[in-house]
Amino acid sequence: MTWKIATVLSAILSLGSVATAAIPKTDYDVIVVGGGPSGLSALSGVSRVRRTALLFDNQQYRNAPTRAMHDVIGNDGTPPAAFRALAREQISRYPTAHFKNSTVLSIKPYGDGSVSAFNVTDDTGMSYTSRKLVLGTGVSDVLPDTPGLHEIWGKGLFWCPWCDGYEHRDQPFGILGNIADVLGSVLETNTLFSEITAFVNGTDTPSGEVAATSQHDEWKEQLNAWNVKIDNRTITRIERLQNGEIHQNKTTDQQFDKFLIHFSEGEPVERGALIINAPTVQHSTLPFQMHLNITNEKIDVVTSSMRTSMAGVWGIGDANSDASTNVPHAMFSGKKAAVYLHVEMSKEDSQSKISKRSGLSERELMKEATRAIGVNLEPQWEQVQKREMA
């Protein structure tokens, strides 16, 4: 009966080897897509606990046009490119951290689904696998096609007063956008500027006023209280008269840009700084390809952990739905995702180690073999013996 025991042992060992594959073998523990502040923060977080990770960076960044970052503690006034370069240099000290400057084209889950695993292919044709995935793919600002506007974006024209407003304080200020959004911008900037004109580009209409009222009660009265002027003329182009990168006072942290706003009729108006209300869209098509839940062009996440609707995938930075878009938020969200995915992986590994499915000891194998032979194989063995003796 020795052959029967060997056969059963072989079968049981085979079952054990299949079970141990529940934790997939991958090239990396984590793949991070996006090389901005959120992705860099996630990479740093996982590298600090010696998770192997690869970050893909297509070198396209939302804040690339701006002169410098502000309201980032320890990096106030640092150009974005300098910030990223220093972050990469510091993270590269961790031997488990890796970078690749390429664009991810597709991400596909694989395996039996019991534990998450992903196959990531980039525009060089290479594919890499990981157990967890972090999307820090960002958003893109959808700016109007007004001539001259794109050229001044991030350089005197901004959307976030915390990021860029202080350097233009007390200068003639302009708000670009729909009449319904004007009061929101005024409430954010009234401590920085006192001479404010809203250039609403023909949206001050009965329907526009209804939309404004739906957002803010007594919006007209509030604008009057702040002495905000409304200019409803159609904007034809924006002309730069002076560059604040050259004309500035570094001692007082002031930049002196000058812009001339031209209209389809009447005289142009000069402003020292401008803010715009413009929509954003997902920068990458990957969240759509992966069929993640997306609301209002934001990846839906659980704000306590940054998890997306797909197991094993986290969404961080401007691309996610936690209602904040700035560099400190991006770094915070990346770090939070790093902590949660590390703990999740450790739980998976721990369960795999203690589960009998990961393999039986020799004593357990012999016991299982004896049980199997006695119950399942002995009748067949007896039938074989009878046939041979006949």
Side-chain angles (χ1 to χ4, degrees), residues 27-28 30-47 52-70 72 75 77-94 96-107 118-128 130 133-143 150-155 158-160 163-164 245 278 280-290 297 299 313-320 325-331 333-335 337-338:
D27 300 321
Y28 299 93
V30 187
I31 284 179
V32 180
V33 185
S38 67
L40 291 167
S41 178
L43 181 63
S44 176
V46 297
S47 301
T52 58
L54 172 63
L55 180 145
F56 285 94
D57 185 355
N58 67 1
Q59 299 182 297
Q60 297 176 26
Y61 316 103
R62 186 185 185 190
N63 68 350
T66 194
R67 293 166 180 157
M69 303 184 311
H70 295 287
V72 183
N75 283 280
T78 301
F83 171 85
R84 292 190 300 270
L86 180 58
R88 276 196 172 213
E89 177 187 331
Q90 293 175 343
I91 296 171
S92 294
R93 298 171 189 170
Y94 301 108
T96 59
H98 305 273
F99 298 87
K100 187 173 184 183
N101 293 335
S102 63
T103 300
V104 173
L105 298 181
S106 69
I107 298 173
F118 302 92
N119 187 290
V120 179
T121 303
D122 70 0
D123 59 359
T124 69
M126 297 293 293
S127 293
Y128 306 85
S130 70
L133 183 74
V134 180
L135 295 179
T137 45
V139 296
S140 297
D141 296 281
V142 183
L143 299 176
H150 287 255
E151 291 78 3
I152 66 174
W153 177 235
K155 301 172 177 62
F158 52 86
W159 67 270
C160 172
C163 302
D164 296 288
E245 193 162 6
T280 60
V281 296
Q282 286 289 315
H283 178 73
S284 171
T285 61
L286 292 173
F288 300 98
Q289 291 181 29
M290 298 171 68
E297 288 291 331
I299 302 172
V313 181
W314 279 257
I316 58 176
D318 289 1
N320 78 11
T325 54
N326 53 60
V327 172
H329 153 262
M331 292 190 291
S333 64
K335 175 61 182 294

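Everything numeric here is computed off the predicted structure, so don't read it as measured data.
- In terms of heavy-atom proximity, A42 sits nearest to I316 at CB-CD1, 4.0 Å.
- With hydrogens and angles disregarded, a donor-acceptor distance shorter than 3.5 Å links the side chain of S333 to the backbone of G317.
- Nearest heavy-atom pair, F83 versus T78, reported as atom, atom and distance to 0.1 Å: N-CG2, 3.8 Å.
- Taking each heavy atom of A87 and L40 in turn, the nearest pair found is CB-CD1, 3.8 Å.
- To the nearest 0.5 Å, atoms CG (L43) and CD1 (I91) are separated by 5.0 Å.
- Note that CZ of F56 and CZ of F99 are 12.5 Å apart. Values are rounded to the nearest 0.5 Å.
- In this view, Q90 and L86, R93 satisfy the side-chain contact (heavy atoms from CB on, under 4.5 Å) rule, not counting sequence neighbours.
- Applying the salt bridge (charged side-chain N to carboxylate O under 4.0 Å, His left out) test to pairs two or more places apart or on separate chains, those with a residue in residues 118-127 are K100-D122.
- N63 places no side-chain N or O within donor-acceptor distance of the main-chain N or O of T66, the cut-off being under 3.5 Å.
- Panel note: side chain S41, backbone M331; a donor-acceptor pair is recorded below 3.5 Å.
- In this model, no donor atom of one side chain and acceptor atom of the other lie less than 3.5 Å apart for T96 and T52.
- Counting all heavy atoms, side chain and backbone alike, C163 lies closest to C160 at SG-SG, 2.9 Å.
- Residue F118 is tested with I31, V30, L133 for a side-chain contact (heavy atoms from CB on, under 4.5 Å); the sole match is L133.
- The shortest heavy-atom contact between A68 and P80 is CA-CD, 4.1 Å.
- The structure places CH2 of W159 at 4.5 Å from CZ of R62, a figure rounded to the nearest 0.5 Å.
- The side-chain hydrogen bond (donor to acceptor under 3.5 Å, both in side chains) search around S44 returns none, not counting sequence neighbours.
- A salt bridge does not link R84 with D57: none of the charged nitrogens is closer than 4.0 Å to a carboxylate oxygen.
- For K155 (side chain) and P65 (main-chain N/O), a donor-acceptor pair under 3.5 Å exists by modelled atom type.
- For the pair Q282 (side chain) and A319 (backbone), a donor-acceptor distance under 3.5 Å is present.
- Residues P328 and V72 meet the side-chain proximity criterion, which asks for heavy atoms closer than 4.5 Å.
- Here the closest heavy-atom approach between residue V281 and residue E297 is recorded as CA-OE1, 3.4 Å.
- Once rounded to the nearest 0.5 Å, the distance linking CD1 of I299 with CE of M290 reads 8.5 Å.
- Between the side chain of D318 and the backbone N or O of V139, no donor-acceptor pair lies under 3.5 Å.
- Note that OG1 of T121 and OH of Y128 are 9.5 Å apart. Values are rounded to the nearest 0.5 Å.
- Taking 4.5 Å as the limit, every side-chain heavy atom of H283 sits out of range of all side-chain heavy atoms of T137.
- By the 4.5 Å heavy-atom criterion applied to side chains, I107 and L135 are counted as neighbours.
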